[in-house]
Amino acid sequence: HHLDGDWVAGFQEFKREASEAAFGADFRQLLADARFMVSGLMPCDDPCAVEDFVQVLCDLMAEYRPAQLDERGLAEALMLRVERREDVFTEAQAMRVAHAYEQSVECALLEQAF
């Protein structure tokens, strides 16, 4: 079953509302939901929507807290799921998500060093 309707906008709205919550976004939930959505994508899904979703995933990689190991683990699992979905994501899209993840981890390591 593939995702119906404007699922990218729906996820972006969910993400926006989460970031406005009193204690900030629950990135564990956002990362887990994004991974679930990646699993649900089908090769027949709109390539433009998939491209928009890749940007949302990259934004998510830039926003979560990589110093939180549980969040980092979920971000890594999300990146690996994108890499395995060669039927949906182009190599360039998968590389963008992987790069965003790697940058997040580098930032965390730099912050720990100081």
Side-chain angles (χ1 to χ4, degrees):
H1 87 116
H2 70 109
L3 301 164
D4 293 322
D6 195 350
W7 51 273
V8 177
F11 187 75
Q12 285 175 312
E13 179 66 13
F14 176 61
K15 186 170 156 295
R16 188 185 62 72
E17 287 173 4
S19 67
E20 292 170 359
F23 298 104
D26 180 352
F27 285 105
R28 287 180 312 228
Q29 185 67 53
L30 286 166
L31 292 161
D33 286 358
R35 184 170 156 221
F36 179 77
M37 291 173 72
V38 167
S39 300
L41 289 171
M42 301 291 278
C44 61
D45 281 315
D46 179 6
C48 293
V50 171
E51 176 61 30
D52 289 345
F53 191 49
V54 167
Q55 186 56 54
V56 172
L57 295 178
C58 290
D59 292 346
L60 198 51
M61 293 295 184
E63 293 166 11
Y64 84 100
R65 298 170 297 247
Q68 301 285 330
L69 295 182
D70 52 348
E71 290 183 19
R72 192 191 309 179
L74 286 163
E76 182 180 22
L78 172 58
M79 173 204 60
L80 293 171
R81 180 69 48 92
V82 169
E83 286 183 346
R84 284 198 290 269
R85 293 302 312 271
E86 295 167 352
D87 57 329
V88 174
F89 298 98
T90 66
E91 186 178 354
Q93 288 171 330
M95 285 174 64
R96 276 173 49 208
V97 174
H99 181 69
Y101 168 75
E102 286 159 11
Q103 278 190 310
S104 76
V105 173
E106 284 172 22
C107 289
L109 294 175
L110 284 173
E111 285 170 17
Q112 287 173 350
F114 292 105

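Just so you know, these numbers use all the heavy atoms, side chains as well, and skip hydrogens, waters and symmetry mates. Computed from a predicted model, the values in this text were never measured in an experiment.
Around atom CZ of R28, no more than 12 heavy atoms belonging to other residues, nucleotides or ligands sit under 6.0 Å away.
Between L78 atom CG and Y64 atom OH the span is 9.5 Å, to the nearest 0.5 Å. D59 contributes atom CG, which lies 11.5 Å from atom CZ of F53 (distance to the nearest 0.5 angstrom). Atom-to-atom distance recorded for F89:CZ and M95:CE is 15.5 Å, nearest 0.5 angstrom. How far CD of E13 is from CD of E17: 4.5 Å, rounded to the nearest 0.5 Å. Here the CE atom belonging to M61 is positioned 12.0 Å from the CZ atom belonging to R96, to the nearest 0.5 angstrom. We find the CZ-CZ distance between F11 and R16 to be 13.5 Å, quoted to the nearest 0.5 Å.
Of all the heavy atoms in V8 and A49, the pair that sits closest is CG2-O, 3.2 Å. Across every non-hydrogen atom of A108 and A67, the tightest pair is CB-N, 4.0 Å. The heavy-atom pair separating G40 from D45 by the smallest distance is O-OD2, 4.4 Å. The shortest non-hydrogen separation linking M42 to V88 is C-CG2, 3.9 Å. The minimum heavy-atom distance between L30 and A25, with the atom names listed, is CD1-CB, 3.8 Å.
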Task: Derivation of the side chain to side chain contact (heavy atoms under 4.5 Å, CB included) call for W7 and D46 - done: CA-CA 11 Å; W7 51 273; D46 179 6; over 6 Å; no

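Proximity of a side-chain donor or acceptor of R85 to a complementary backbone N or O of L41 within less than 3.5 Å is detected.
Among Q68, K15, E63, R72, the single residue meeting the side chain to side chain contact (heavy atoms under 4.5 Å, CB included) criterion with F27 is E63.
Under a 4.0 Å N-O distance rule, the pair D33/R35 does not qualify as a salt bridge.
In the hydrophobic cluster analysis, where Ile, Leu, Val, Met, Phe, Trp and Tyr join through side-chain heavy atoms closer than 4.5 angstrom, L74 is grouped together with L109.
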